[in-house]
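For the numbers below, each heavy atom of this structure counts, side chains included, while hydrogens, waters and symmetry mates do not. Note on naming: letters A, B, ... go to the chains in the order of the sequence lines (proteins, then strands), and numbering restarts at 1 for each one.
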There are 2 protein chains.
Amino acid sequence: MNTQLIDVDSSQVTSCTHDFQVNCSNCRLSSICLPFSLEATEIDELDRIVQRSKPLQKGQHLYRESDVFESVFAVRSGTIKAYRTTDDGREQVTGFYFPGEILGMDGISNNAHASSAKALETASVCEIPFNSLEKLSASMPQLQRHFFQIMSREITEDQQLITLLSKSSADERVAALLLSVSTRNSRRQLSATQFRLSMSRVDIGNYLGLTVETVSRVFSRLQKLDVLAVENKEIEILDIDALRKIADAQ
Amino acid sequence: MNTQLIDVDSSQVTSCTHDFQVNCSNCRLSSICLPFSLEATEIDELDRIVQRSKPLQKGQHLYRESDVFESVFAVRSGTIKAYRTTDDGREQVTGFYFPGEILGMDGISNNAHASSAKALETASVCEIPFNSLEKLSASMPQLQRHFFQIMSREITEDQQLITLLSKSSADERVAALLLSVSTRNSRRQLSATQFRLSMSRVDIGNYLGLTVETVSRVFSRLQKLDVLAVENKEIEILDIDALRKIADAQ
DNA sequence: CGTCATGTTGAATGATCTCAAGTGCGGTGG
DNA sequence: CCACCGCACTTGAGATCATTCAACATGACG
């Protein structure tokens, strides 16, 4: 009896999950992830090489440092944290990847991943085998250009982080991260002022080159200044102009 | 009379300069700059799109932030400094480029350079128009792969710098820079232990996220420890193992 | 209800920055 | 040839900001 009920339930669940046929042309993230300039037939070709098999549990790895590099990945849902481990065992978070964003490109140069990637919450990704992507790119100039651009953007963003880490105060760093999350959220039609930070304070500190305590103090300070309303991981930006001022200050 | 002398001199000089026909196949930097895997005929094809017209004086710009992106550049001689200017006018050095190394790829994503590039001393570069490079890449899988790899390496190196800036002490940062210069020198068959730093202390400090004074103090300290011999810009690494230890410490 | 992980807050320490003065070298002009 | 100037670099002393260490709070979970 019970078994039957469960069976019925699970079949219902299956039909209700997001497991329906997703492809690049109907993916609502394609405007972030894909070049606008591809033709429908080209998108179909790309679609054929993309593998959508990998749902990740919180804490599960997408790949690890020095794994053989085979694919790049596009985030479909959830958040992925990329980090490297230094020789002496310290961890350095190098980026957070949100839906529509692409990661894994640091593995191309040595054919081995230069960082590890881990799900901060349940996440799904599209796997794009790099060999196929290369071949396809050779025959699709727009796709080739798109990947050059995506890699170039990664460089640009890393350089922004370098600038941040090189000069800025704790307040500026935290403010800049929040603004980055904010703009990336609005790109996905989500609220630019209210969101849940999927990463821990430790991860934030690590990413920004600060200790947990300092991050926590900055949140408290910005809350006291009525710039933020902080409730654990839930963040509301109350005064985004003030936040911008803090991020750019000095 | 005088004029004649000068004429004679200048013609002699001309015949003695490095202005002889340089091309990719006879360039002694090709092992760094070029993919090994290209065939002779392919190298010739690449050679045809490379422009070698630009000798730069010290302080002269190769390109400036927000210039239209048209080409990437390979350094042939001298050192190029890349830097960005933040909204509030501060400068951030994002990299130093030595002979054989390629810069300018951060301009691809927005079709505008994301940084400025300036010669730290007299320098010559090869200009590689990106449009031609793209076209050529489409028909030469090895070249396409090579450029993906070069960009990937840029990402990897930026991430190393991020790690450095995020955690390390002043000693570690300076040691790491010196080791980086050292290995890049030996890649070019130059001494790994004795070299001239073409960049100023200000630039070093800026790159490493330190003040000039701190950089200077670190040099003094490492000299006192007999790890380095410093004479202005001339550096000798006396104890490279100790330097490595300092770079990795903690 | 207790345990563990995560986050917050406080007080003291310490590394780097800031400010200020001084050194040394290359170039210029007398 | 020497004196002077400017610039890059060095050195010192005090101030500042993030870290460290420690205690405490909160929340998830068995």
**Item:** Stretch residues 214-232 of chain B: residues that reach within less than 4.0 Å of DNA chain C through a heavy atom
**Value:** B:Thr214, B:Arg217

**Minimum side-chain heavy-atom gap A:Leu243-A:Leu238 below 4.5 Å** = no

**Prompt:** At how many degrees, to 10°, do the end axes of the helix from C:dC1-D:dG30 to C:dG30-D:dC1 meet when each uses five pairs?
**Reply:** 30°

**Request:** Counting heavy atoms from C-beta on, name the nucleotide in D:dC21, C:dT8, D:dC9 closest to the side chain of B:Ser200.
**Result:** D:dC9

Can I get a per-line list of side-chain donor-acceptor pairs under 3.5 Å for residues 209-216 of chain A, giving both atom names and the distance, sequence neighbours left out?
unit_1: A:Thr211; atom_1: OG1; unit_2: A:Thr214; atom_2: N; d: 3.4
unit_1: A:Thr211; atom_1: OG1; unit_2: A:Thr214; atom_2: OG1; d: 2.9

**Message:** Please determine whether any donor N or O and acceptor N or O are separated by less than 3.5 Å between the side chain of B:Glu213 and the base of C:dC19.
**Reply:** yes

**Message:** Counting the atoms with a prime plus P, OP1 and OP2 as sugar-phosphate, which does A:Lys233 contact under 4.0 Å by heavy atoms, base, sugar-phosphate, or nothing?
**Reply:** sugar-phosphate

**Touch class at under 4.0 angstrom, heavy-atom based, for A:Gly205 against every strand present** = nothing

**Item:** Any pair counted as ring-ring contact (aromatic ring centres under 6.0 Å, His included), so long as it reaches residues 166-190 of chain B, sequence neighbours left out
**Value:** none

**Asked** Do any side-chain nitrogens or oxygens of B:Thr211 fall under 4.0 Å of OP1 or OP2 in C:dC17?
**Response** yes

Tabulate below the donor-acceptor pairs under 3.5 Å that side-chain atoms of residues 193-201 of chain B make, not counting sequence neighbours, or state none.
unit_1: B:Thr193; atom_1: OG1; unit_2: B:Ser191; atom_2: OG; d: 3.4
unit_1: B:Ser198; atom_1: OG; unit_2: B:Thr79; atom_2: OG1; d: 2.8
unit_1: B:Ser200; atom_1: OG; unit_2: B:Val202; atom_2: N; d: 3.4
unit_1: B:Ser200; atom_1: OG; unit_2: B:Asp203; atom_2: N; d: 3.1
unit_1: B:Arg201; atom_1: NH2; unit_2: B:Asn232; atom_2: O; d: 2.8

**Request:** List for me each residue that meets ring-ring contact (aromatic ring centres under 6.0 Å, His included) alongside A:Phe98, sequence neighbours excluded, and say none if there are none.
**Result:** none

**Message:** Can you tell me which nucleotide in C:dT18, D:dC9, D:dA18 comes closest to the side chain of B:Arg201?
**Reply:** D:dC9

**Complete:** Those residues at least two apart in sequence (or on a different chain) that pass ring-ring contact (aromatic ring centres under 6.0 Å, His included) with A:Phe73 are A:Tyr63

In a table with atom names and distances, give each donor-acceptor pair under 3.5 Å that connects a side chain of residues 221-228 of chain A to protein atoms at least two apart or in another chain.
unit_1: A:Arg221; atom_1: NH1; unit_2: A:Asp171; atom_2: OD1; d: 2.6
unit_1: A:Arg221; atom_1: NH1; unit_2: A:Asp171; atom_2: OD2; d: 3.2
unit_1: A:Gln223; atom_1: NE2; unit_2: A:Val230; atom_2: O; d: 3.1

**Message:** Going by salt bridge (charged side-chain N to carboxylate O under 4.0 Å, His left out), name the residues that satisfy it together with B:Arg28, two or more places apart in sequence or in a different chain.
**Reply:** none

